[in-house]
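Scroll down for the structure; my scribbles are underneath it.
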Amino acid sequence: MAKRSQTTELGCIACEELSEVGAGKEGWLVDDPNLLCALDTHALALANRFLILVLGWTDSDGHRTKILPDLSPIEAEHITAIEWLVFDEIRVVVAGTSCGYLLIYSLGGHLIHKQLIYPGRILKIRVRGTKRDLTQDASSEEVCVVLPGVVARCDGSDVQSILHRWFQETHTQFWDRKPKKGDLEAPETPYGRLPYQLWNVSKYGSCADAAITGTMPPPLMELQSSQRYYCAVTIGEDAVISAFRLSEDKSSSLVGAILSKVMPATFSTIASFSKLIWRSEQTSPRKLDVKPQPFARASPLTCLKDHPRKGEKLTLSPSGTLAAITDSLGRILLLDTQALVVVRLWKGYRDACCLFMEMLVNRDTTAPSSSYYEPVKSDYCLCLAIHAPRKGIIEIWQMRTGPRLRIIQCVKGAKILQPTYRFGSSRISPGSSRTPPYVPLEVFLLNGDSGQISVLNRNP
């Protein structure tokens, strides 16, 4: 009996353009810390400081686009994060820079949106969505931007609004119309500014990564509050793991709320009096600088300090209830983000990378094999794929406390990737009489030497 294949080849990204991001050298995909990767269902985005390369890896989508962002040479600005934004027929690439700017580009390489989030290096851009369930009264979609000690959240509907305005404007024009000089010199936010919320999460030190795991109940003294609260988990050097309750309210307490009403009136009186004395200062108006958005309230919940251990990478499960965290001592911690308790620990996995996936382990094997059967969500079980590059293997473990289901051998210089969340995938189209087939969470393997992209098979 032939041995069952553990991966399925899907496409290849090998092309001459890859040499511009370092391809051709041994270990180019994993050894360069400045090389960033983001996977879509049909394309791969690669970024290397000053260049973004978009490559289609299927026969139906073989386009190649090279994007050269307009970065500040004075600030030595460069690309530090990259991700996809996908909604229905709209597919764009979003990049973060070392100066805190968010850049959104079309697949044609045109700048759609540019906005400062916060002065600093953008470490990570996360695109997530949670479906409606017993604990959530509505589905939620968001884009989370992580900087050292700072977390920003953009609502998915606001992102979609900007993309829809851009899509409608560009597709109502003639296809053969070339951009005019005036179009290229348009403002950086022609489709409106992207609203977002900002929190300072540096109480336990600057973070190396962070994620908003979902909503959480309000504090006991604010049970009647109508505002929404989020839970954020951060990892870093000073604290391996720390957690915060994020509030939409910018005031810190009841006293702060009173002061926010009293102090403006006091300062207004002082300002009026000072104008009578120093009138000369009003004769030299100057242009105001764009100031960072004020922080909303972030209340610390807990932290884990274990020197010299340092948190390195953080991966969230689809629901946000579990997080896999790798540290500098070669350990992997599985964190329950609701109870804020480590529920599992693996040792001996230095430089590991983790991604959650779903496998067919709950399917009833007594069903007739001759009849066509389309797996449903209950047939799948959440698993964790652990890529251990020093061992040259990928292990798949059943969550939360299940066994190891599979060991996959992989070549040196390979990397595991996962397609970004697609906006709208948590909703059912109105008027649809049939539930769409369930799309499980998959993990892909990119071979840096050959450029081959494969998917890990779902059957254990």
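Keep in mind that this is a model prediction, so the values were computed, not measured.
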Just jot down the ring pair (Phe, Tyr, Trp, His ring centres under 6.0 Å) partners of Phe356, sequence neighbours excluded, or say none.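 For Phe356 there are no ring pair (Phe, Tyr, Trp, His ring centres under 6.0 Å) partners, ignoring immediate neighbours.
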Can you sort out the partners of Tyr230 under ring pair (Phe, Tyr, Trp, His ring centres under 6.0 Å), two or more places apart, ordered by chain and number?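 Applying ring pair (Phe, Tyr, Trp, His ring centres under 6.0 Å) to Tyr230 gives none.
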Would you mind listing every salt bridge (charged side-chain N to carboxylate O under 4.0 Å, His left out) that reaches into residues 145-167, with sequence neighbours excluded?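 For residues 145-167, and leaving out neighbouring residues, the salt bridge (charged side-chain N to carboxylate O under 4.0 Å, His left out) pairs sorted by first residue read Glu142-Arg153, Arg153-Asp155.
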State, with a plain yes or no, whether a side-chain heavy atom of [X] is found less than 4.5 Å away from one of [Y].
| X | Y | answer |
| --- | --- | --- |
| Thr234 | Leu314 | no |
| Tyr421 | Glu141 | yes |
| Val21 | Trp28 | yes |

Before giving the answer on side chain to side chain contact (heavy atoms under 4.5 Å, CB included), spell out for Ile393 and Ile408 the whole-Å C-alpha distance, their side-chain angles and the decisive distance to 0.1 Å. CA-CA 5 Å; Ile393 60 173; Ile408 303 173; over 6 Å; no
Answer with yes or no whether the side chains of [Y] and [X] bring together a donor and an acceptor at under 3.5 Å.
| X | Y | result |
| --- | --- | --- |
| Thr97 | Glu77 | yes |
| Gln409 | Gln6 | no |
| Ser206 | Glu237 | no |
| Arg422 | Thr41 | yes |
| Arg458 | Tyr380 | yes |
| Asn457 | Thr8 | yes |
| Glu248 | Tyr229 | no |
| Gln168 | Trp166 | no |

Can you give me the closest heavy-atom contact between Ile235 and Gly311, atom names plus distance?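 Shortest heavy-atom separation between Ile235 and Gly311 comes out as CD1-C, 3.9 Å.
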Closest non-hydrogen atom pair between Ile416 and Cys353, with its separation: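 Smallest heavy-atom distance, with atoms named: CD1-O, 3.6 Å.
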What about Tyr191 and His164, are their ring centers closer than 6.0 Å?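 Not under 6.0 Å, so no.
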Between Ser242 (side chain only) and Ala239 (backbone N and O only), is there a donor and an acceptor less than 3.5 Å apart?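 No; judged by distance alone, with no hydrogens or angles, the pair does not exist.
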So, does Gln197 use its side chain to make a donor-acceptor pair with the main chain of Ala152 at under 3.5 Å?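 Side chain of Gln197 to backbone of Ala152: no pair is present.
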Determine the interplanar angle of the Phe244 and Tyr204 rings, folded into 0 to 90°, and report it as parallel if under 30°, tilted if 30 to 60°, perpendicular if over 60°.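 Phe244 and Tyr204: tilted rings.
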Using 30° and 60° as the class limits, which term best fits the ring planes of Tyr118 and Phe295: parallel, tilted or perpendicular?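 Taking Phe295 first and then Tyr118, their aromatic rings sit tilted (interplane angle of 30° to 60°).
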